Amino acid sequence: MPTQDFVFKKHYRLYRHLLFWSAWWIFCSLIYAFTPAVASLSLPVRFVSSSIDSTFFLIPHTFFSYTLMYVVVPRLMSKSNNGVTLLMVLGLLFITALLSSIIGMMVLGNIKNFFFPRANFVHYHTLNRSSLFISMMAGLRGGITVGGLAAAIRIMKLLYLKEQRNMQLQQENTQAQLQILKAQVHPHFLFNTLNNIYSHTQNTSHTASRLVLGLSDMLRYMLYEGNQPLVALADEVKLLHDYITLETIRYGNKLDVNFDVAENSNDFKIAPLLLLPFVENSFKHGASQVLDHPWLSLTITFTGNVMYFKLLNGKAEKVNHHPYGGLGIKNIEARLKLLYDGKHQLEIQDDPDVFIVSLQVELEKSMQPARQGKSQLKNVLYE
């Protein structure tokens, strides 16, 4: 079994935790066996006594460690409120110290005196301020040590997994760029051909010429703007508009579309091709399967620099497969996590007769005016 699999795969989680706590129990047993408090006892009694101590002190140690690993560390990684996180840590320290002192002062002495009555282990039936404070400070030593070690392991593991996810996304982006490069072998030939087709269809079919020109604009944007880290949101909105326009022409008068975008969309930048997959899915798995009255509603609004993207589309009573389980949406979710970590919220709702996509993204302000669209297509959505 590779070491990496044992460290990171969920299948071995129980074994990892058992190994960790077994090692800690052995370590504490050895330490407790050589403390001054038991120095006068025989070696076998000392090891039995320290084993009992280690076993019972595992209770506060595991409480403190697991709360740090699975409550506090995720808050730190997600950059949550540091003040609240600090208060949580202080509260955990107090609870752990109090629990350790109660175990040490009220439980362990009775248990060890029961097994070794001649050893006369010290214990207390009442707690006073001085003994409680000393016991709490002593109990914190082990808790902080093992809790800090466990939290450090957890942080290193999360950072490693995050780095692995980033590398995977980079590999996927590289593959996508290679595919785009393959399509860019003769881009001028492609656009010249489309322009020739457009010129021949202008006099014969106005609809066909609009389709060709709209497709040309979309391809140009995907090939030349898709590799940029950020593009003007207005350009991304124009891409959505061109795509919906082409689909509207294909559906004729059967498709009911509402496309409402706030006027200040020119003020922001966004990662390219981030919104298009949602619109593609709404047609592929929604409108294309609604035979009677297909419809789609898309609104983009802003509160400050937060964009609210809401897409609704009708669906047939029986959909062949789940619309948002494909690779395209998963890739978009991964891109959102990578590019807008902690700055976005995505919710996909599958109701009996409608799909709803709600996306909130915190965007950057644009310092340059949006690229002027070259498309000469009329806005068929509002004709």
Side-chain angles (χ1 to χ4, degrees), residues 1-35 50-105 107-108 132-169 334 337-338 340-345:
M1 176 184 60
T3 304
Q4 187 173 351
D5 290 348
F6 180 80
V7 174
F8 293 104
K9 285 193 173 182
K10 292 184 179 180
H11 178 71
Y12 301 103
R13 175 182 292 176
L14 178 61
Y15 301 103
R16 291 197 301 267
H17 288 237
L18 288 175
L19 179 61
F20 177 85
W21 289 112
S22 297
W24 177 250
W25 181 84
I26 294 173
F27 173 78
C28 289
S29 298
L30 293 174
I31 293 296
Y32 297 154
F34 294 95
T35 57
S50 64
S51 299
I52 295 174
D53 290 342
S54 299
T55 302
F56 278 88
F57 280 129
L58 281 180
I59 298 173
H61 292 173
T62 53
F63 164 76
F64 184 63
S65 299
Y66 282 111
T67 309
L68 275 181
M69 286 191 293
Y70 295 106
V71 178
V72 176
V73 169
R75 288 181 60 86
L76 290 174
M77 298 294 288
S78 62
K79 300 178 182 179
S80 299
N81 190 303
N82 292 331
V84 176
T85 305
L86 177 60
L87 291 176
M88 290 176 60
V89 173
L90 294 176
L92 286 174
L93 289 172
F94 176 79
I95 295 173
T96 303
L98 183 61
L99 185 59
S100 298
S101 63
I102 292 174
I103 291 174
M105 300 175 67
V107 178
L108 293 178
L132 178 62
F133 176 79
I134 295 173
S135 182
M136 288 180 67
M137 292 299 101
L140 273 181
R141 289 180 301 179
I144 292 177
T145 302
V146 68
L149 180 61
I153 294 174
R154 179 68 174 169
I155 291 173
M156 288 189 293
K157 181 180 178 180
L158 290 176
L159 291 175
Y160 175 82
L161 293 176
K162 185 177 181 180
E163 181 65 24
Q164 291 296 110
R165 286 195 297 268
N166 291 343
M167 291 176 61
Q168 182 179 359
L169 286 173
K337 178 68 175 176
L338 179 62
Y340 297 98
D341 188 20
K343 298 181 179 180
H344 80 281
Q345 292 182 9

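Excluded from the calculations below are hydrogen atoms, water molecules and symmetry mates; all remaining heavy atoms, backbone and side chain alike, are included. Keep in mind it's a predicted model, so treat the numbers as computed, not measured.
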Inset, instruction - Write down the atom of S101, the atom of M136, and the distance for their closest heavy-atom approach. - result: OG-CG, 3.6 Å
Inset, instruction - Check whether any side-chain heavy atom of C28 sits under 4.5 Å from a side-chain heavy atom of F57, and report yes or no. - result: no
Legend entry - Derivation of the side-chain contact (heavy atoms from CB on, under 4.5 Å) call for F56 and I52: CA-CA 6 Å; F56 278 88; I52 295 174; 3.9 Å; yes
Legend entry - T96 side chain to L93 backbone, donor-acceptor under 3.5 Å: no
Legend entry - W25 side chain to T55 side chain, donor-acceptor N/O pair below 3.5 angstrom: yes
Legend entry - S50 and S29 side chains, donor-acceptor separation under 3.5 Å: no
Distance-only donor-acceptor pairs under 3.5 Å for side chains of residues 137-145, two or more places apart:
from: R141; atom 1: NE; to: A138; atom 2: O; distance (Å): 3.4
from: T145; atom 1: OG1; to: R141; atom 2: O; distance (Å): 2.7

Inset, instruction - Measure the CD1-CG distance between I103 and L58 for me, rounded to the nearest 0.5 Å. - result: 9.5 Å
Inset, instruction - Taking salt bridge (charged side-chain N to carboxylate O under 4.0 Å, His left out) as the test, write out the residues that go with K162, two or more places apart. - result: none
Inset, instruction - Go through the side-chain N and O atoms of Y66 and H17 and say whether any donor and acceptor fall under 3.5 Å apart. - result: yes
Inset, instruction - Mind checking the CG-CD1 spacing from L158 to I153? Nearest 0.5 Å is all I need. - result: 12.0 Å
Legend entry - Test item: T67 side-chain N/O and F64 main-chain N/O as donor-acceptor pair under 3.5 Å: no
Inset, instruction - Carefully, step by step, assess I155 and M69 under the rule side-chain contact (heavy atoms from CB on, under 4.5 Å). - result: CA-CA 8 Å; I155 291 173; M69 286 191 293; over 6 Å; no
Inset, instruction - Any chance you could measure S100, atom OG, to I95, atom CD1, to the nearest 0.5 Å? - result: 11.5 Å
Legend entry - Any side-chain heavy-atom pair of R16 and K157 under 4.5 Å: yes
Inset, instruction - Starting at CZ of F94, measure out to CG of L99 and round the result to the nearest 0.5 Å. - result: 11.5 Å
Legend entry - Student check: side-chain heavy atoms of R165 and L161 closer than 4.5 Å: yes
Legend entry - Point-to-point distance, once rounded to the nearest 0.5 Å, from CZ of F20 to OG of S65: 6.0 Å
Legend entry - Side-chain touch R154/L68, heavy atoms, less than 4.5 angstrom: no
